[in-house]
Amino acid sequence: MWTTTIGGNDLSTDSSDPVYMLRHSTAHLLAQAVGELYPGVKYAIGPPIEEGFYYDFEFPQPIKEEELLLIENRMHEISGRKLPIERSVLSREMAIAHETARNQQYKVELINDLPENEEISFYRQGDWIDLCRGPHVPDTGHIKHFHLLHIAGAYWRGNEKNKMLTRIYGTAWPTQQELDDYLYRLEEAKKRDHRVLGRELGLFMFSSEVGQGLPLWLPKGATLRDTLMDFMKKEQLNRGYQGVVTPHIANAKLYMKSGHLKNYNAKMFPLMQDEAEGETYVLKPMNCPHHIMIYANELRSYRDLPVRLAEFGTVYRYEQSGELTGMLRVRGFTQDDSHLFVTPEQLKPEFKGVVDLMLFTLNRLGLTDYRVRVGVRDPKDDKYIGTDENWKAAEEAILLAVQEMGMDYEVSEGDAAFYGPKLDLMVRDALHREWQMGTVQVDYNLPERFELEYVAEDGQRHRPIMIHRAPFGSLDRMIGLLVEHYAGAFPFWLAPQQVCIIPIADRHNGYAQELKVRLRDSGIRVEVDGRNEKMGKRIREAEMQKVPVMLVCGDRDIEAGTVSVRRRGEGDLGAKSIDETTEYLLGLLSS
RNA sequence: GCCGACGUGGCGCAGAGGUAGCGCAACGGUUUCGUAAACCGUCGGUCGUCGGUUCGAAUCCGACCGUCGGCUCCA
């Protein structure tokens, strides 16, 4: 089953759900409190959202975050008044006259946009009244357990050309216990934040001297990247991909031809002028034009297709500074990118093959909670290249494939790439924000622009179709998300350091070093912590660094040729022989 | 980019007009130890940057840089 969403909004919340209703009423309570405290305020919209609600206002003067407390206190006071909440219906003319008289132009605009036959209802509590479809709780006394969280700017109707309003976010729950639990969960989630753990675990860093949104990967983080790349390379080798390597910059003419300079310009770093040679270069925001050049390098036969060119390609996108978020949105990142050049007959099976790889990948990473989004064109927007026929064919190919695969998915208008529609895997971070991870896109348009060809069985030249795909999406974002998913405690195969050997006293260091060489030869990432610290302290630090296995060795072990195995979070598992230990560790690799 | 908040040694914090402190980390020494923090000592800060107010600024004001929460946009 699938639902349609418009403009990417998640409207899955159900207006008959009591919690949804409660939050909606809390938004009204907030608006009433704001109205009492700030005369002249203008009301925009105030819907319930997944874990709370917000209300957008235009304040006569900007407000400060500390004023939220005053507003919240007033809300409690109004709640105590137990004002009945009453519904009334007005004619369109009456409704407009009413809001015009109150000088509420946002409400007038909303009424004007309501469909002809829509009933226009208002909800009154005390002397405060708001345009609203409802439903609401019976009286304000029902609203008790809420908290205002933060203040933010939001453009009226989400359009940056409109005036920026002040949005107040809050949360509301049926009981105090649920509110407390929610606030506790928020605090806990912050501890999983990949920006915090990334520093504590020594994975990555940012430097303002290098530049905003440009990540620097530390040795342990680089090991994680290598592990993920090895995983994907092996999988791609099994699935008939060929690796290629292309440069980070290109002549601007290439990106002129691809349409990027026209349709992706806002996201590209400023062009580089080579005055001496009279050339202009771009820092690549995508890898496709480069891979297209490799495809076009030779005349291809239908026997060669599908051609699957893969590269861990680092791309640079000029994201707005306010949008940068740790590793989850950066300005330079590495995609596990590939472009497949296929015949029309191959499109569906190849597309399904890619989806299979994407799902296999998420499963292996332990990310089982994801949403499938099919991004199609927004017909009102002109940021796309290509003909309507091509778009129709590409969108149908994707929808048919996912339906045949029996997948749950949602269609989102306006979320296509500029050259074609796509299927995205969406995953949430610790704070429940949703991010696009893996993506697969069907593209009839770039092959046309570059006049790509292959010779078919009929001896004639035909045009291939392109599939763009990246199962991880980007290594940077994927690792950021994995850090949060596992709270830094990676499964054994992913852990940057898999084993920490802890010799109890100095005299056991030699034994520990021999063990290390042995395990390293078996392909285990292992270090010895032979520092002059008590064993307990070194165990504690290994636990905090989330090392999955600790091997402790002292006199007894050297005597018996054993090592005592300790599993992170589980404690001492007892002594094992070196062979048993090696086998145990290799067994963990596949778990 | 826009709205709001924040910026003090590597990290976490205190200091609210009178010349910067605490814990952890780091470093040195002692200790050689059986499953989550041994003991003693030492080093370390142009208080994000620049400018202004003041006899005097980490504390007040302005601009810029960066970070955080959103909006817009996207891997």
Side-chain angles (χ1 to χ4, degrees), chain A residues 8 54 56 59 62-68 149-169 190 193 195-196 199-200 205-209 211-213 264 266-267 285-286 313 315 317-330 333-337 375 383 414-415 417 422 424-425 431 433 435-439 468 470-478 480-481 502-509 532-544 550-557 564-575:
Chain A
Y54 68 79
D56 287 347
F59 283 93
I63 67 160
K64 297 201 179 89
E65 195 140 316
E66 57 201 42
E67 294 172 59
L68 289 184
L149 293 168
H150 46 255
I151 191 166
Y155 298 105
W156 167 237
R157 304 213 140 167
N159 186 332
E160 63 183 323
K161 293 189 178 67
N162 290 340
K163 191 172 179 71
M164 177 157 278
L165 307 171
T166 303
R167 175 172 298 179
I168 296 175
Y169 279 93
K190 285 179 188 162
D193 190 317
R195 293 164 294 195
V196 174
R199 182 176 56 239
E200 286 175 3
M205 60 174 280
F206 289 89
S207 155
S208 59
E209 292 171 87
Q212 272 190 303
Y264 207 71
K267 279 297 177 64
M286 293 189 191
V315 296
R317 298 185 185 174
Y318 191 76
E319 301 293 342
Q320 297 185 93
S321 58
E323 264 312 297
L324 301 171
T325 303
M327 279 292 168
L328 298 179
R329 180 171 285 104
V330 292
F333 58 96
T334 303
Q335 297 178 310
D336 55 331
D337 207 358
K383 68 175 181 178
D415 276 315
K422 59 189 188 144
D424 298 320
L425 298 181
L431 293 173
R433 294 176 294 204
W435 300 91
Q436 178 186 325
M437 309 305 293
T439 181
H468 308 238
F472 291 145
S474 92
L475 281 169
D476 312 77
R477 178 177 286 179
M478 181 54 87
L481 219 106
I502 299 174
I504 291 175
D506 289 352
R507 64 178 177 279
H508 310 126
N509 277 348
N532 181 12
E533 293 289 351
K534 295 197 80 168
M535 176 192 58
K537 175 159 187 176
R538 286 176 285 157
I539 286 176
R540 176 182 154 82
E541 289 187 3
E543 288 275 350
M544 292 197 307
M550 285 141 272
L551 300 176
V552 177
C553 51
D555 290 334
R556 293 205 303 259
D557 298 290
S564 129
V565 180
R566 183 191 166 96
R567 194 81 165 92
R568 173 188 62 208
E570 292 175 27
D572 192 1
L573 303 181

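FYI, side chains are in, hydrogens and waters are out, and symmetry mates aren't considered; it's all heavy atoms of this structure. Just so we're on the same page: letters track the sequence lines, and every chain starts at 1.
Residue order along RNA chain B, read from the 5' end via each residue's closest nucleotide, puts Arg538(A) first among Gly213(A) and Arg538(A). The residue among Val552(A) and Ser208(A) whose nearest nucleotide of RNA chain B lies closer to the 5′ end is Val552(A).
With hydrogens and angles ignored, the 3.5 Å screen pairs no side-chain donor or acceptor of Arg317(A) with any backbone N or O of Lys267(A). The main-chain N or O of Ser474(A) is never found under 3.5 Å from a side-chain atom of Asp336(A) such that the two would form a donor-acceptor pair. Under the 3.5 Å distance criterion, the side-chain polar atoms of Glu543(A) are left unmatched by any main-chain donor or acceptor of Arg568(A). Side-chain atoms of Glu541(A) never come within 3.5 Å of backbone atoms of Arg538(A) as a donor-acceptor pair (strictly under, hydrogens ignored). Of the possible polar contacts, none joining the Arg329(A) side chain to the Leu324(A) backbone as a donor-acceptor pair under 3.5 Å is found.
Val315(A) has its side chain out of reach of Asp337(A): every pair of non-hydrogen atoms, C-beta onward, lies at least 4.5 Å apart. A heavy-atom distance below 4.5 Å is not found between the side chains of Asp56(A) and Thr166(A). Counting heavy atoms from C-beta outward, Ile502(A) and Arg566(A) have side chains that stay 4.5 Å or more apart. Tyr155(A) places a side-chain heavy atom less than 4.5 Å from the side chain of Met164(A). Inter-residue side-chain proximity for Gln436(A) and Lys422(A) is flagged as met; some heavy-atom pair is nearer than 4.5 Å. Met478(A) is not listed as a side-chain neighbour of Phe333(A), based on a closest heavy-atom distance of 4.5 Å or more. Between Ile539(A) and Met550(A) the shortest side-chain heavy-atom distance falls below 4.5 Å.
Atom P of nucleotide A37(B) and atom NZ of Lys537(A) are separated by 10 Å, given to the nearest angstrom. Rounding to whole angstrom units, NZ of residue Lys190(A) and P of C68(B) are separated by 14 Å. As a whole-Å value, the separation of Arg540(A) CZ from A38(B) P is 9 Å. In this entry the distance linking CH2 of Trp156(A) with C1' of G70(B) reads 18 Å, nearest Å. Taking atom CD of residue Glu533(A) and atom C1' of nucleotide A36(B), one finds them 13 Å apart after rounding to whole Å. Atom CD1 of Ile168(A) and atom P of G70(B) are 16 Å apart (whole Å). When the C1' atom of G69(B) is taken as reference, atom CG of Leu431(A) falls 10 Å away, rounded to whole Å. Rounded to an integer number of Å, the gap from CG of Asp337(A) to P of A75(B) is 11 Å.
Remark: Arg157(A) is not in phosphate contact with C71(B), judged by side-chain N or O atoms under 4.0 Å from OP1 or OP2. OP1 or OP2 of G12(B) lies within a sub-4.0 Å distance of a side-chain N or O belonging to Arg199(A). Proximity of Lys534(A) to the phosphate of G34(B): no side-chain N or O atom is located under 4.0 Å from OP1 or OP2. Arg167(A) has no side-chain polar atom (N or O) that falls below the 4.0 Å cut-off from OP1 or OP2 of G69(B).
G45(B) and C22(B) have their P atoms separated by 14 Å, given to the nearest Å. Using C1' as the reference atom, A14(B) and U32(B) are 38 Å apart when rounded to the nearest Å. For the P atoms, the distance linking C39(B) with G44(B) amounts to 24 Å, nearest Å. On the C1' atoms, C50(B) is 15 Å away from G66(B), given to the nearest whole Å. Across G9(B) and A20(B), the matching P atoms stand 15 Å from one another, rounded to whole Å. Annotation: G4(B) and G28(B) have their P atoms spaced 50 Å apart (nearest Å). Using C1' as the reference atom, G52(B) and A57(B) are 11 Å apart when rounded to the nearest Å. Comparing the same atom, P, in U42(B) and in C24(B) gives a spacing of 14 Å after rounding to whole Å.
Within the nucleic acid shown, Asp555(A) comes within 4.0 Å of at least one base atom, counting heavy atoms only. Residue Arg556(A) is in base contact, counting any heavy-atom pair closer than 4.0 Å across all strands shown. Residue Gly158(A) is in sugar-phosphate contact alone, with no base atom involved, counting any heavy-atom pair closer than 4.0 Å across all strands shown. Residue contacts shown for Val330(A) include a base, since a base heavy atom lies under 4.0 Å away. Within 4.0 Å (heavy atoms only), Leu324(A) reaches sugar-phosphate atoms of the nucleic acid but no base atom. No engagement by Gly313(A) is indicated, since no non-hydrogen atom pair under 4.0 Å with the nucleic acid exists. Nucleic acid contact class of Met437(A) (heavy atoms, under 4.0 Å, all strands): sugar-phosphate only. At the heavy-atom level, Arg568(A) lies nowhere under 4.0 Å from the strands shown. Contacts of Asp424(A) with the nucleic acid, taken as non-hydrogen atoms under 4.0 Å apart, are absent. If you check every strand for non-hydrogen atoms under 4.0 Å, Lys161(A) touches nothing. Across all strands shown, Tyr169(A) has heavy atoms under 4.0 Å from sugar-phosphate atoms exclusively, and none from any base. Using a 4.0 Å heavy-atom cutoff across all strands shown, Arg477(A) reaches at least one base atom of the nucleic acid.
Donor-acceptor pairing under 3.5 Å, judged by distance alone, is absent between the side chain of Asp572(A) and the base of G34(B).
The number of heavy atoms from other shown groups lying within 6.0 Å of OH (Tyr318(A)) does not exceed 12.
When Watson-Crick and G-U wobble pairs are counted only if both distances are under 3.5 Å, G44(B) pairs with no nucleotide at all. With a cut-off of 3.5 Å on both pairing distances, the Watson-Crick or G-U wobble partner of A38(B) is U30(B). Summarising the base pairing, C55(B) is matched to G18(B) through a Watson-Crick or G-U wobble pair whose two defining distances lie under 3.5 Å. G10(B) is paired with C24(B) under the criterion used here, namely a Watson-Crick or G-U wobble arrangement in which both key atom distances are under 3.5 Å. In this structure, G1(B) forms a base pair with C71(B), meeting either the Watson-Crick or the G-U wobble geometry with both donor-acceptor distances under 3.5 Å.
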Note to self: Protein within reach of the bases, or only the backbone? For nucleotides 1-7 of chain B, mark each nucleotide 5' to 3' as B, S or -, using heavy atoms under 4.0 Å.
What the structure shows: BBBSS--
Notebook entry, point to check: Could you run down nucleotides 42-51 of chain B 5' to 3' and tag each one B, S or - for protein heavy-atom contact under 4.0 Å?
Noted result: ----------
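Residue ring and nucleobase are stacked for Phe333(A) and A75(B), with a centre distance beneath 5.5 angstrom and an angle between planes beneath 30°.
Out of C33(B), G70(B), C74(B), the shortest distance to the side chain of Arg433(A) is found at G70(B). Comparing C68(B), G34(B), U32(B) against the side chain of Arg507(A) picks out U32(B) as the nearest.
A search for ring pair (Phe, Tyr, Trp, His ring centres under 6.0 Å) contacts involving Phe59(A) returns Tyr38(A), Phe57(A), not counting sequence neighbours.
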